[in-house]
S.K.: 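What follows is a structure written as structure tokens; I'll ask about it next.
Not measured: the values here are computed from a predicted model. Residue numbers start from 1 in every chain, and the chains themselves are labelled A, B, ... in the order their sequence lines are given, proteins ahead of strands.
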Number of protein chains: 2
Amino acid sequence: MTATEEILDEVPWSGVSPDAARRLMVAAVEAFAERGYHATTTRDIAGRAGMSPAALYIHYKTKEELLHKISTIGHAKAVAILQSAADAEGTPAERLEQAVRHFVVWHAGHHTTARVVQYELDALDAEHRAEVVQLRRQCDAAVRRILTDGVKAGDFEVPDIPGATLAVLSLCIDVARWFNVAGRRTPDEVGASYADLVLRMVGARPRS
Amino acid sequence: MTATEEILDEVPWSGVSPDAARRLMVAAVEAFAERGYHATTTRDIAGRAGMSPAALYIHYKTKEELLHKISTIGHAKAVAILQSAADAEGTPAERLEQAVRHFVVWHAGHHTTARVVQYELDALDAEHRAEVVQLRRQCDAAVRRILTDGVKAGDFEVPDIPGATLAVLSLCIDVARWFNVAGRRTPDEVGASYADLVLRMVGARPRS
DNA sequence: CCGACCGGTGAGCAAGCGCTTAGTGCGCGG
DNA sequence: CCGCGCACTAAGCGCTTGCTCACCGGTCGG
């Protein structure tokens, strides 16, 4: 099994139990991704899960708690993907290639989840948002570490490492916005293409 | 006056009249950018404009019409920036540099407007959304034209022109999401930096 | 000097929202 | 075969929402 298949096979909330709570979470992810958090009603979520509106409140205190749980699970996965690439063996170019490819494959393959995770952050209340922002900083740190290593080794040519880190993450994250299952590109293709684009952005010397 | 200053000086809705309608539009842009379309109430918009809730409906039929007008004006500006760069004299690299720089300067300098324009599209009703999607296609066409010219001239090395077009626009658009006035970067700096990154992405030969 | 006009207001309607509560059906230990 | 616990529902509460409407005050042509 390839790393790509691993990323796509795993349903992010497979660890959520009981079954009814998971069904509600899946329904919420779909609804939030389609219409946005504020435009989604608790009745809509419960309806998609085949339950009455009140059932939601047996498993979650509020609608916002649902979003918070989704966001936390999603961000944890993002951090795991990027840190795993940053910690991997190999040249900085290989690690950056892996980071971007896996990160993009995840955003494309799970674009409904990713859309919620990346674009509904403002709907969280202050405390929960602060929690999630911490996880995002870890994403930033992982990418920055790879770039720094590459510059130190003389493999990358990057005048502004924080700026380049931001641009790389921004490029990958925005995949969740435009990726469309009906489109011609598979997650794998986008991942490979984006890895190539990013290596060029950081001025990686072609492998000899 | 530099092109950058021109882009930033012009308030996008300076052509909106009468004065009260413009004040309402400015208020709506701020509110939509801060909290999102669905989380913004008509009372909030009217309040920011210093008017009663009912005043909104003298100048706009619905809250959605306000969003539609904002979106149309914003997209028209985006199309103008990109087409102007595509039509400009100069090498493909120079035209691409100008397109990205001006587009990014606009997204950073008017990041509240840009956020609404780029991220609240789904809140439009079907007919209005279709209208705006047409304008977005023109953005795509302008960038694609520059890339095609560059490849034909042998100046760029791009294996997948539609894919690269998408990536370039995606990178620029996402600036509206993360750009923060309190941050250290000015719109000009981000624009210059992003133009450089994009030229690398398309494998532009360094100018001789 | 007047009355038509028009941008703006105060009050409020119908609908829909997040969430609660009293009650129901069902599985399971004794 | 009973009765308890619990996941779940029907009904609905209090509130906010987008939007409306009767009314008001300043301006201006005649």
Side-chain angles (χ1 to χ4, degrees), chain A residues 13 15-71 116 120-129, chain B residues 13-72 116 120-129:
Chain A
W13 35 78
V16 177
S17 71
D19 181 67
R22 181 172 51 254
R23 270 161 49 220
L24 283 165
M25 191 172 275
V26 172
V29 168
E30 280 173 13
F32 291 163
E34 243 173 62
R35 314 159 65 85
Y37 175 82
H38 290 291
T40 299
T41 68
T42 54
R43 286 163 176 80
D44 184 18
I45 297 170
R48 283 174 193 248
M51 303 166 101
S52 79
L56 197 151
Y57 295 91
I58 293 165
H59 301 283
Y60 303 95
K61 279 209 297 287
T62 62
K63 175 179 147 187
E64 195 269 351
E65 183 186 296
L66 240 179
L67 176 63
H68 174 234
K69 293 229 156 109
I70 292 167
S71 197
V116 178
E120 300 293 339
L121 214 119
D122 291 344
L124 291 169
D125 65 34
E127 197 180 337
H128 289 158
R129 186 165 48 242
Chain B
W13 35 80
S14 54
V16 177
S17 72
D19 182 66
R22 182 171 51 253
R23 271 159 51 218
L24 283 166
M25 191 172 273
V26 171
V29 168
E30 281 173 14
F32 291 163
E34 244 173 62
R35 316 158 65 85
Y37 174 81
H38 290 292
T40 299
T41 69
T42 54
R43 284 163 177 79
D44 185 18
I45 297 169
R48 285 174 192 246
M51 304 165 102
S52 80
L56 198 152
Y57 294 90
I58 295 165
H59 300 283
Y60 303 96
K61 278 207 298 285
T62 63
K63 176 178 148 188
E64 195 268 351
E65 182 184 299
L66 240 180
L67 176 63
H68 173 234
K69 292 230 156 108
I70 292 167
S71 198
T72 302
V116 177
E120 300 292 341
L121 214 119
D122 292 344
L124 291 169
D125 65 35
E127 197 180 338
H128 289 159
R129 186 166 47 243

S.K.: Testing the basics here: between A:Ala31 and A:Thr40, what is the closest heavy-atom pair and its distance to 0.1 Å?
M.R.: O-OG1, 3.3 Å
S.K.: Can you check the B:Arg22 CZ to C:dG7 C1' distance for me, whole Å?
M.R.: 16 Å
S.K.: Do the side chain of B:Arg48 and the main chain of B:Ala28 share a donor and acceptor less than 3.5 angstrom apart?
M.R.: no
S.K.: Does B:Pro53 offer a backbone N or O that forms a donor-acceptor pair with the side chain of B:Arg43 under 3.5 Å?
M.R.: no
S.K.: In whole angstroms, how far is the P atom of D:dC8 from the OH atom of A:Tyr60?
M.R.: 12 Å
S.K.: Can you check whether A:His38 and B:His38 have ring centres sitting under 6.0 Å from each other?
M.R.: no
S.K.: Determine, for A:Tyr37 and A:Lys63, whether the Lys NZ or Arg CZ falls below 6.0 Å from the six-membered ring centre while staying within 45 degrees of the axis.
M.R.: yes
S.K.: When you measure from the side chain of A:Glu120 to the backbone N and O of A:Leu67, does any donor-acceptor pair fall under 3.5 Å?
M.R.: no
S.K.: Taking CD1 from B:Ile58 and P from C:dG10, how many angstroms apart are they, rounded to a whole number?
M.R.: 12 Å
S.K.: Atom CD1 of B:Ile45 to atom C1' of C:dG8: distance rounded to whole Å?
M.R.: 17 Å
S.K.: Give the B/S/- string for nucleotides 13-28 of chain D, one per nucleotide from 5' to 3', where a protein heavy atom under 4.0 Å of the base yields B, of only the sugar-phosphate yields S, and otherwise -.
M.R.: ----BBBBB-------
